[in-house]
Number of protein chains: 2
Amino acid sequence: MPGPRKLPDRDELAVWRDFVETTDRLRSRITTRLHDDTGLSSGDYAVLLALSEAPGNRLRSSALAAHIDWERSRLSHHLGRMERRDLIHRESSPDDSRGAEIILSPTGASAFHAATVPHLRAVREIFVDALTPEQLKAAGEIAAALRAHFR
Amino acid sequence: MPGPRKLPDRDELAVWRDFVETTDRLRSRITTRLHDDTGLSSGDYAVLLALSEAPGNRLRSSALAAHIDWERSRLSHHLGRMERRDLIHRESSPDDSRGAEIILSPTGASAFHAATVPHLRAVREIFVDALTPEQLKAAGEIAAALRAHFR
């Protein structure tokens, strides 16, 4: 049983603010580079990545929402915009509560393929190159500890 | 001089994906808790925090935008909504390119004050409690290394 909750002390709070502000800037720098280099938003990329790794390049919208940790309504609007750009197709089955099936289109597969190298280069330059091997290892351990604690 | 850029290897890429997905979920959990507990969005909180720490509780909109790392147009829309909720006031000076002066209102100061303890409690429960003291220290060092590399 945990004891009574204290508030973070000054040092803990300073680390929190540093960490959350810096990871926010990290995300925005990677997102800007992705968009400048490839025309894809981070949401586009997350959807294309999930579909490209799914069996048969297709996923139910409910599974896709869980996979990328988005609300279904937000995802649904985003998928509408991606469908109009021919990056994905949707096969609706109105009586299925798990939602439409989302399918990677040839255009989407080709956009994802073309984005891979520029995106990986940005990840290397902005994230990997900033850290020592020990810091990179620690980043993985911190992520694992936070994830385990979410549950 | 750095050598030719390589792409991240499989392990580096796994750490990147883990790290970015997990910090995204961390942010969304803290944001949801903040909103549930206090009615403030993370943008509201960032603005109120910056103003509450500024001399005289006032900042030029240009300085505020730089401080919280937002585009000025996005900030301007957000400040309009905060002004309608009486959380801030704006004093415009049309010939000043640094933008209007943004002032913390008594309502804003009181909303920020009331949010402090619930927000700090969420930071402790969701972030600090998830990590060992060594991991917390490493999180601060990773943030510092990333920030130094942005420049």
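Heavy-atom basis, side chains included; hydrogens, waters and symmetry copies ignored. Every value quoted in this text rests on a predicted model; they were computed, and no experiment measured them.
A salt bridge does not link B:Glu125 with A:Lys6: none of the charged nitrogens is closer than 4.0 Å to a carboxylate oxygen. Salt-bridge check for B:Arg147 with A:Glu21: failed, with every basic side-chain N at 4.0 Å or more from each acidic carboxylate O.
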Should B:Trp16 and A:Ile30 be marked as a side-chain contact (heavy atoms from CB on, under 4.5 Å) after you check the CA-CA gap, both sets of side-chain angles, and the distance that decides it?
CA-CA 11 Å; B:Trp16 158 255; A:Ile30 293 276; 3.6 Å; yes
Apply the test side-chain contact (heavy atoms from CB on, under 4.5 Å) to residues B:Asp69 and A:Asp24: give CA-CA distance (whole Å), side-chain angles for both, the deciding distance (0.1 Å), then the verdict.
CA-CA 9 Å; B:Asp69 200 29; A:Asp24 207 17; over 6 Å; no
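Closest of all the heavy-atom pairs between B:Ala143 and A:Thr22 is O-CG2, 3.5 Å. Nearest heavy-atom pair, B:Ala145 versus A:Ala130, reported as atom, atom and distance to 0.1 Å: CB-O, 3.6 Å. Counting all heavy atoms, side chain and backbone alike, B:Asp18 lies closest to A:Gly140 at OD2-O, 4.5 Å.
Taken to the nearest 0.5 Å, the CD atom of B:Glu12 stands 9.5 Å off from the CZ atom of A:Phe127. Note that CD1 of A:Ile142 is 4.0 Å distant from CD1 of B:Ile142, once rounded to the nearest 0.5 Å. Taking CG from B:Leu13 and CZ from A:Arg124, the interatomic distance works out to 11.0 Å, rounded to the nearest 0.5 Å. With rounding to the nearest 0.5 Å, the separation of CD1 in B:Ile126 from CG in A:Leu146 is 10.5 Å. Rounding to the nearest 0.5 Å places CH2 of A:Trp70 at 12.5 Å from OG of B:Ser28.
Interface remark: B:Arg25 contributes backbone and side-chain atoms alike to the contact with chain A (heavy atom separation under 4.5 Å). Contact annotation for A:Val20: both backbone and side-chain heavy atoms come within less than 4.5 Å of a heavy atom of chain B.
A continuous path of Ile, Leu, Val, Met, Phe, Trp and Tyr side chains, each step under 4.5 Å between heavy atoms, connects A:Leu49 with A:Ile68, placing both in one hydrophobic cluster. In this structure, B:Tyr45 is not a member of the same hydrophobic cluster as B:Val117, with clusters built from ILVMFWY side-chain heavy atoms closer than 4.5 Å. When hydrophobic clusters are built by joining Ile, Leu, Val, Met, Phe, Trp and Tyr residues whose side-chain heavy atoms come closer than 4.5 Å, directly or via intermediates, B:Leu40 is grouped together with B:Ile102. The hydrophobic cluster containing B:Val128 does not contain B:Leu34, counting ILVMFWY residues as joined when their side-chain heavy atoms lie under 4.5 angstrom apart, directly or transitively.
Counting non-hydrogen atoms of other residues, nucleotides and ligands closer than 6.0 Å to NE2 of A:His77 gives a total of 12 or fewer. Summarising the local packing, NE2 of A:His149 is surrounded by more than 12 heavy atoms from other residues, nucleotides or ligands at distances under 6.0 Å.
Of the candidates A:Leu120, A:Val123, A:Thr116, B:Leu7 forms a side-chain contact (heavy atoms from CB on, under 4.5 Å) with just one, namely A:Leu120.
Here the side chains of B:Phe19 and A:Leu136 are not in contact, with every heavy-atom distance at 4.5 Å or above.
Chain B forms the most heavy-atom pairs under 4.5 Å with one residue out of A:Glu134, A:Glu141, A:Lys137, A:Arg17, and that residue is A:Arg17.
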